[in-house]
Amino acid sequence: MIELEGLTKRFGTKTAVDHLSFQVRPGVVTGFLGPNGAGKSTTMRMMLDLDNPTSGTVRIDGKHYRELQEPLKYIGALLDAKAMHGGRSAYNNLLCLAQSNRIPASRVGEVLDLVGLTAVARKKSKGFSLGMGQRLGIASALLGDPEILMFDEPVNGLDPEGIHWIRNLMKALAAEGRTIFVSSHLMSEMALTADHLIVIGQGKLLADTSMADFIQQNSRSYVRLRSPQREQLLDALHANGFTPVEAGGGTLEVDGATTEKLGELAAENGLVLHELSAQRASLEEAFMQMTAGAVEYHAHGTNVHGADGQGVTAPPAAGPRWGDTTKGA
Amino acid sequence: MTTPHSYVSPIPVRKAHLGDALASEWTKIRSLRSTMWTLGVMVLLMLGVGLAVAAIVSSSNAPTENESALGLGFFGVLLGSICVITLGVLTIASEYGTGMIRTTLTACPSRARVLTAKAIVFFLLVFTITTVTATLVGLAQVAMVDNAAEPTSGQWLRATVGVGLFMAELGLLALAVGAVVRHSAGAITIMIGVLLLPLVAAMFMFSESLAKVQEWLLDYAIPSQLIALYAGRSAMGQSGPSGWDPVWILLVITAAAGAGAYALLNSRDV
Ligand SMILES: Nc1ncnc2c1ncn2[C@@H]1O[C@H](COP(=O)(O)OP(=O)(O)OP(=O)(O)O)[C@@H](O)[C@H]1O
Ligand SMILES: [Mg+2]
């Protein structure tokens, strides 16, 4: 169990993490989601006592990180950057960590085997590919067979097979009763692995909800219609109590209806349809809308919010469709 | 949601202590190619330059009067000190360069324990190798140069153990600077400046008003102190350090730098 309370980190005038309070519970995979620069890595570094919080606290099973005896046996972490000495072999990189926490040397071979690096155990980690480096990092996290595992963007640089492997690994680790905390900026990835979801934007908590609730609240289903007789179609829909919304390209979107119902309605009115399809908004869209006000780095660089950027202090994700799942700051 | 049972590591947890950190740092230092390179080159320089100087002096037949041949080891040790500085800096700065420091401090959150373990392992390694090499060079030099005074036991001790301590302390100073600067090239440059700049600066102090400063620099520059350690008396005049003084002076400086490095390591973000 990890507990954050009012955790804040400022770099000069920039507030990277802003009064974050949440808990990471055991036995489930908790996804930590936010756009680039949201403060995920900074939060994780503070959890490991690498960065000093400006204010607020992190407790791991009720203790501060520095109070942990042999911390690798409580918590294993994979950080976003390579954190090994490239001039040392994979085996020796892990061995020196094991020794510092009195973990038997035989465990080094075990974790290397677990992540599939046995064949290159004696090779310098400098020459490792992105995916191999990531696997070495995961091996170091697993070294102490800890209760808590923390992964900062573990699928970065992995091929589809590797992604699949990590996904199953995290689920298996959580099923053993461990606490898994994993960051990502891909909602679709989280939807497949996480049971619980914590979303941040510009350092602030935007949502703290179960994955099931998030999916239920955010996967809006609707029907898309296109017709050359647009005016008649609109009249017919209104007459039957639907509230069509105009979408781009001359299409209409209707919430709370089925294709069967609308197809019959069109037939009754003798209307020609060019499109009639059931649609589901993706979770990615929901995530993007939720964090829209809090995106740090826009692709076109014309609209970079300052530290006091607008839309940050407003209740996040004011959109009517998921207001219930979000938590105001 | 059911409250699932919490997982507990099957590996028993005990109170961590310095011994674990020492084992870890020993693995680190012995598993790097840069350790072999820097210490190997140091040994070669001490042996090669030391023997070459002895050969030149013995063939020239210049009367060395009451000087012992041990002092000829100075040149090799001065060049070798650059290797020790490099290794001292790399011992910590390379962890910052590669990002390893984050893993290290995650595994051992006590900054004091990490720094102490690094310092002890580095000190013992450099002290042992330097002392052994200095002893070999000394024996060869005394055997090769006949027309020199027989070294006293005090001179022998300072030229072996004393030189070993002096070099290991210099390396620790480099380690502390590396921990403060966190950048290998920067820290090595600073340390080479500390080693050579005082003598170079003293050379350009012609003005009468700077005479006192010049004298002080000539007495206390690191190469002068090394000469004093060998000779047993001040390198230039009468005022400077002599005997074992250089070892104590450098110890105080290194301890102060180490305390500063610890304070910074403890308070800074990694
Ligand atoms: N050492 C630092 N000094 C100054 N600013 C920093 C530092 N570390 C992080 N920041 C700033 O804090 C903010 C949060 O960064 P952080 O790396 O935590 O984001 P992130 O959510 O991990 O992003 P990404 O998804 O890109 O990894 C960014 O704006 C970053 O520029
Ligand atoms: Mg990050």
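Letters A, B, ... mirror the listed sequences (proteins, then strands); counts begin at 1. These figures come from a predicted structure and were not determined experimentally.
- With a 4.5 Å cut-off on non-hydrogen atoms, B/R268 touches chain A through its backbone but not through its side chain.
- Smallest separation of non-hydrogen atoms from B/L105 and A/Y65: O-CE2, 4.4 Å.
- With a 4.5 Å cut-off on non-hydrogen atoms, A/K124 touches chain B through its side chain but not through its backbone.
- Taking OG1 of B/T27 as the reference point, atom CG of A/N92 lies at 7.0 Å (rounded to 0.5 Å).
- A donor-acceptor pair is defined here as one N or O able to donate and one able to accept, closer than 3.5 Å; such a pair exists between the side chain of A/R102 and the backbone of B/K15.
- When all heavy atoms are compared, the tightest approach of A/K73 to B/P12 is NZ-O, 2.8 Å.
- At least one donor-acceptor pair closer than 3.5 Å links the side chain of A/N52 to the backbone N or O of B/S267.
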Legend entry - Test side-chain contact (heavy atoms from CB on, under 4.5 Å) applied to B/Y7 and A/L173, step by step: CA-CA 9 Å; B/Y7 187 87; A/L173 292 168; over 6 Å; no

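- In terms of modelled atom types and a separation under 3.5 Å, the side chain of A/S100 and the main chain of B/S24 share no donor-acceptor contact.
- Looking at A/R45 and B/V270, their side chains never come closer than 4.5 Å, going by heavy atoms from C-beta outward.
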Inset, instruction - Step by step, work out the salt bridge (Lys or Arg N to Asp or Glu O under 4.0 Å) result for A/K9 and B/D269. - result: CA-CA 11 Å; A/K9 180 70 181 177; B/D269 289 348; 2.7 Å; yes

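- Going from atom CG of A/L48 over to atom CZ of B/R102 covers 10.0 Å, rounded to the nearest 0.5 Å.
- Between chain A and the residues B/G97, B/S110, B/P10, the largest count of heavy-atom pairs under 4.5 Å involves B/P10.
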Legend entry - Residue pair B/S9, A/E70: steps toward the side-chain contact (heavy atoms from CB on, under 4.5 Å) verdict: CA-CA 11 Å; B/S9 176; A/E70 306 191 310; over 6 Å; no

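- Here the shortest heavy-atom pairing between B/D20 and A/Q99 reads CB-O, 3.5 Å.
- At distances below 3.5 Å, not a single donor-acceptor pair connects side-chain atoms of A/D145 with backbone N or O atoms of B/I11.
- Listed options A/L72, A/D195, A/L143 were ranked by heavy-atom pairs under 4.5 angstrom with chain B; first place goes to A/L72.
- Checked by atom type and distance alone, the side chain of B/S31 never pairs as donor or acceptor with a backbone atom of A/R88 at under 3.5 Å.
- Judged purely by atom type and a 3.5 angstrom limit, A/Q69 uses its side chain to pair as donor or acceptor with the backbone of B/A16.
- No donor-acceptor pair closer than 3.5 Å links the side chain of A/K82 to the backbone N or O of B/T98.
- Here the shortest heavy-atom pairing between A/H85 and B/S94 reads NE2-OG, 3.3 Å.
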